[in-house]
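Contents: one structure, followed by commentary.
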Amino acid sequence: QVQLVESGGGLVQAGGSLRLSCTASGITFNFNTYVIGWYRQAPGKQRELVATINSGGSTNYDDSVKGRFTISRDNAKNTGRLQMNSLKPEDTAVYYCNIKSPFGRTDWGQGTQVTVSS
């Protein structure tokens with residue numbers, strides 16, 4: 001059974017930084033073959049894509065986080081990370097990691113709260 005454990009959320013002042021981590025276990029394939037995604041959901045809003053990184057290391061970001069957030073992966077540790085700098089109050093949300101296998105199966109983490117105070 002695939003399990004994704006997220007960590008690193010918390011409360012930070014505007015302009016501050018946080019680093020989220022997502023560690024996978026119980027996966028079928030080598031972690032380096034998975035696409036990793038970070039999503040977020042603010043109260044009253046739909047879940048939205050923040051960033052992705054594919055097996056080759058290519059990244060994609062929502063325009064709202066470009067230049068501030070960096071997605072990365074450590075395949076040796078089955079871990080994906082999201083470095084968030086210059087945080088803004090509008091970044092406040094529950095952040096979820098997601099992995100997609102080479103055959104299309106998608107699994108989600110439990111979510112971690114990020115709160116940015118003004």
Side-chain angles (χ1 to χ4, degrees):
Q1 182 176 352
V2 176
Q3 186 175 15
L4 299 178
V5 178
E6 301 175 16
S7 61
L11 172 64
V12 65
Q13 289 189 331
S17 298
L18 286 172
R19 188 176 79 163
L20 306 182
S21 295
C22 172
T23 300
S25 61
I27 56 177
T28 302
F29 306 101
N30 287 334
F31 187 72
N32 61 13
T33 65
Y34 286 76
V35 176
I36 303 168
W38 285 95
Y39 293 72
R40 65 187 180 187
Q41 187 167 17
K45 295 187 177 182
Q46 289 189 331
R47 191 173 298 188
E48 62 178 9
L49 176 65
V50 175
T52 61
I53 183 168
N54 67 14
S55 59
S58 295
T59 58
N60 182 58
Y61 296 94
D62 184 79
D63 286 345
S64 65
V65 306
K66 281 182 181 176
R68 299 189 298 122
F69 291 12
T70 303
I71 189 171
S72 63
R73 62 192 303 154
D74 184 342
N75 293 325
K77 296 182 178 180
N78 286 7
T79 295
R81 296 188 177 97
L82 185 68
Q83 177 68 42
M84 306 186 295
N85 299 329
S86 302
L87 283 160
K88 304 175 181 180
E90 51 263 45
D91 295 318
T92 295
V94 178
Y95 283 71
Y96 298 88
C97 72
N98 158 298
I99 61 171
K100 186 174 181 180
S101 79
F103 289 93
R105 173 184 168 135
T106 298
D107 290 283
W108 291 88
Q110 81 283 2
T112 186
Q113 177 70 47
V114 171
T115 303
V116 184
S117 63
S118 57

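Small disclaimer: the values here were computed from a predicted structure and weren't measured.
- Among all heavy-atom pairs drawn from Asp74 and Arg81, the shortest one is CB-NH1, 3.5 Å.
- One side chain, Asn85 or Ser17, offers a donor N or O that lies under 3.5 Å from an acceptor on the other.
- Closest approach of Val50 to Phe69, counting heavy atoms only: CG1-CD2, 3.7 Å.
- Heavy atoms only, all atoms of each residue included: Thr79 and Ser21 are closest at CG2-CB, 4.3 Å.
- Distance check: Tyr39 OH to Leu82 CG gives 13.0 Å after rounding to the nearest 0.5 Å.
- Between Tyr96 and Trp108, the ring-plane angle classifies as perpendicular under the 30° and 60° cut-offs.
- Between Arg40 and the options Thr92, Asp91, Asp62, a side-chain hydrogen bond (donor to acceptor under 3.5 Å, both in side chains) holds for only Asp91.
- For the atom pair Thr52 OG1 and Lys100 NZ, the distance stands at 10.5 Å (nearest 0.5 Å).
- For Ser118 against Ala14, the heavy-atom pair with the smallest separation is CA-CB, 4.4 Å.
- The side-chain heavy atoms of Tyr61 and Arg68, taken from C-beta on, include no pair separated by under 4.5 Å.
- Ile71 and Val35 are not part of a single hydrophobic cluster, where members link through side-chain heavy atoms under 4.5 Å apart.
- Within the model, atoms OG1 of Thr59 and CG of Asn54 stand 8.5 Å from one another, a figure rounded to the nearest 0.5 Å.
- The nearest pair of heavy atoms linking Ile27 to Ala24 is CG2-CB, 4.1 Å.
- Taking all atoms of both residues into account, the shortest heavy-atom contact from Gln113 to Val94 is OE1-CG2, 3.3 Å.
- Of the possible donor and acceptor atoms, none in the side chain of Gln3 sits under 3.5 Å from a partner among the backbone N and O of Gly26.
- For the pair Ser55/Asn32, no side-chain contact is recorded, criterion being any heavy-atom separation below 4.5 Å from C-beta on.
- Gln13 CD to Thr115 OG1: the interatomic distance, rounded to the nearest 0.5 Å, is 13.0 Å.
- Side-chain contact between Met84 and Trp38 is absent, with no heavy-atom pair separated by less than 4.5 Å.
- Using a 4.5 Å cut-off between side-chain heavy atoms of Ile, Leu, Val, Met, Phe, Trp and Tyr, with links allowed through other members, Phe29 and Val2 fall into the same hydrophobic cluster.
- Note: Leu87 CG to Leu18 CG = 5.5 Å, rounded to the nearest 0.5 Å.
- To the nearest 0.5 angstrom, Leu20 atom CG is 9.0 Å from Cys97 atom SG.
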